[in-house]
Amino acid sequence: MVDEDFTAEAAVLDAGDPLAAMRDRFLSPQGNDLVAYFDGNSLGRPTADVPQRLAEFTERLWGDRLIRSWDEQWLDWPARVGDRLGALVLGAAPGQTVVADSTTVLLYKLSRAAVDAQAAHGRTEIVLDTDNFPTDRYVLEGIAAERGLTLRWIEADPTTGVTLEQVREAVGPETALAVFSHVAYRSGFLADGPGITAAVHDAGGLILWDLCHSGGSVPVALDEWGADLAVGCTYKYLNGGPGSPALAYVATRHHGHLRQPIWGWIGRKDAFEMGPGYDPADGIRSFISGTPPILAMVPLEASLDLVEEVGIEAIRAKSVALTEFVIRLADQLLVPLGVEVASPRDAATRGGHVTLRRKGFREITAALWAQGVIPDYRDPDGLRIGVSPLSTSFAEVAVGMFALRDAVVDHDTAQ
Ligand SMILES: *Cc1c(COP(=O)(O)O)cnc(C)c1O
C-alpha cells in the first residue's frame, strides 16, 4: 500500500469513529507545531475546559470560600473522585478507592501494609518481574530491605510480559505479595488480570495491580477479579496533568486490618480533633496521609467527564482500532526498514500502545520531536507509539507514521 491508500483508509476510519467528536474536547495546541502526539500514555492532553475550570476553581472555591472549602467539599474529594474512578474505569464499588499522593508513594504504602499483614502468617516473599516499571522494582527492593523480605523475580519477556504460567510457578507458601503491571509500560502487554489474581490467591498471597498504563484505556474489573490492592497514575490516559495525584484501591475486606505506614493526620480518625496518638480512620480514608492535592484533581475531573460520556468500553474499542492501524502501518512502512514490532499482535493481550524496536531510535525520536511528531523512547531501542483513544485521530496516526518512516530513512542516509 502506498501512503495515499493509508491516508484514504484513515479518512474512512475517522468518518466511522463514534468517538471522533471527542478530539475537539481537547485543548488545541496554541503553538500549532504539533503534527502527531504519540505520548498520551505518558502525559495525556488537557481537555479544552481545563483553563476555565482551573480559573473557576481559583476564583470561587479557593478565592471566595477560602478555608471554608475544606469543610464544604475538599475533604471529601479524595474519596469522591476515587469513587468516580472506581465506577468509570476500575470496576470498583464505592468506598474502596482514593486519590492522593503519587503512584510511587501509594505503591509503598499499600505494599508495606500488605507485607506487614502477611508477616503474621510467616510469609516472607514478594513476587515481582524484571520488566516492571522502575519505580515498582525500586520501591519493592526498598521494602524488602526494610522488612527483611526476599524478592522472587519473574524473568518477563520484554516483548510480551508476565504470563499466568510464570506466576503459578513463582508463587507458593512463602508468597506475601505479588505486584504486576496490568499493561507493561515497555511492550504494552496486557496481563491476565483475573487469572493471575486467582493464581496468587490460590497460593495464599495478596496481589497489587499497577494500573498506570491501563487506567483509562483498558477496562479493569478489580472487584470481579477479587483483587486486593491497586495503584495507578492519573496523568497518562486519564489526562489529569503533570503530577496529578495517583489512585489507590483497597478491597473492602481488607479495611480495618491493613495498616499503611505513613500515619498522617488526615488519615486519622476525627482528623480535626488533632488528638494524641494515631488511630486510623474508618475505611479507605485511613490510606490517606496528609493534605490531599485538591487543585490537581480539577483537570482529572474534567477528563473523567469525557470518560463518563462515552464509557470505557467504547474507549477500549477505539484503542484497539488505533493500535491495529499502527501495527499495519508499521508492517508496511517500517518492517522493511529493519523495524521490529515489539508489542503483542493479538489485541486481546495488548494495551493502548505499540512499541517498535530498531537501532537508532534514540536519535530518530529526537529528530521527530523537532518536527512536532512526539513518540517516546525507552531503552533498549524502543520507540513507543502511545495512541490516546479520546484525543487521537487515525489521520494523525498515519501522518505520524509516515514521518517516522521518513526519519528512519534520513537517519540511515546520514550514517
Ligand atoms: C508511569 C508509571 C509509574 C509512575 O509513578 P509516579 O510515582 O507517578 O512517578 C509507576 N508505575 C508504572 C507502571 C507506570 O507506568
Side-chain angles (χ1 to χ4, degrees), residues 44 46-47 49-90 92-110 112-113 215 230-235 238-250 252 255-256 258-308:
T47 59
D49 56 355
V50 163
Q52 184 203 337
R53 287 205 190 203
L54 283 172
E56 274 172 21
F57 176 93
T58 309
E59 285 159 16
R60 296 217 319 271
L61 298 187
W62 182 10
D64 291 348
R65 301 308 297 160
L66 291 166
I67 195 75
R68 292 169 290 189
S69 278
W70 277 113
D71 289 334
E72 288 165 3
Q73 48 176 300
W74 290 340
L75 279 173
D76 294 331
W77 279 29
R80 181 183 62 74
V81 180
D83 283 346
R84 283 196 83 191
L85 280 164
L88 295 173
V89 302
L90 304 176
Q96 305 178 98
T97 310
V98 277
V99 174
D101 305 320
S102 65
T103 299
T104 302
V105 171
L106 288 177
L107 181 73
Y108 175 74
K109 287 160 69 170
L110 266 53
R112 259 288 305 270
V231 296
C233 52
T234 62
Y235 52 79
L238 289 164
N239 312 310
S244 63
L247 65 91
Y249 164 93
V250 180
T252 306
H255 295 182
L258 282 196
R259 270 244 179 157
Q260 59 91 359
I262 303 178
W263 296 3
W265 70 293
I266 296 280
R268 186 190 185 274
K269 199 164 263 164
D270 306 317
F272 284 89
E273 285 181 8
M274 302 190 167
Y278 180 80
D279 186 11
D282 291 332
I284 192 69
R285 181 162 285 278
S286 71
F287 289 88
I288 303 175
S289 297
T291 303
I294 298 299
L295 184 56
M297 294 183 203
V298 173
L300 171 61
E301 286 225 81
S303 166
L304 287 179
D305 287 352
L306 298 195
V307 175
E308 188 163 13

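Note that the structure is predicted; figures quoted are calculated from it, not measured. As a basis for the values below, the full set of heavy atoms in this structure was taken, side chains included, without hydrogen atoms, waters or symmetry mates.
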Mind checking the [atom1]-[atom2] spacing from [X] to [Y]? Nearest 0.5 Å is all I need.
X	Y	atom1	atom2	answer
C233	L107	SG	CG	11.5 Å
I288	K109	CD1	NZ	7.5 Å
I294	W62	CD1	CH2	12.5 Å
T97	L247	OG1	CG	7.0 Å
L85	L304	CG	CG	5.0 Å
L61	W77	CG	CH2	5.5 Å

Which atom pair, heavy atoms only, marks the closest approach of [X] to [Y]?
X	Y	result
P293	P245	CG-CB, 3.5 Å
Y108	P261	CE2-CG, 3.5 Å
T252	Q96	N-OE1, 3.0 Å
Q260	S289	NE2-OG, 3.6 Å
P280	R259	CD-NH2, 3.1 Å
T47	A302	OG1-CB, 3.3 Å

How about [X] and [Y]: do any of their side-chain heavy atoms sit closer than 4.5 Å?
X	Y	value
E59	D64	no
E72	R65	yes
E308	V89	no
L75	I266	yes
V298	V50	no

Just do the salt bridge (Lys or Arg N to Asp or Glu O under 4.0 Å) check on E301 and R80 with the steps written out, would you?
CA-CA 11 Å; E301 286 225 81; R80 181 183 62 74; 2.6 Å; yes
Which residue, D49, L54, T234, forms the side-chain contact (heavy atoms from CB on, under 4.5 Å) with P299?
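Single side-chain contact (heavy atoms from CB on, under 4.5 Å) partner of P299 among D49, L54, T234: L54.
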Crowding at CH2, W265 (>12 non-hydrogen neighbours, <6.0 Å):
yes
Where does the angle between the aromatic ring planes of F287 and H255 fall among parallel (under 30°), tilted (30 to 60°) and perpendicular (over 60°)?
tilted
Any side-chain to backbone donor/acceptor pair from D83 onto G95? Under 3.5 Å, distance only.
yes
Run the ring-centre check on W70 versus F272 and record whether the distance is less than 6.0 Å.
no
Between R268 and D279, is the salt bridge (Lys or Arg N to Asp or Glu O under 4.0 Å) condition met? List the steps.
CA-CA 5 Å; R268 186 190 185 274; D279 186 11; 6.0 Å; no
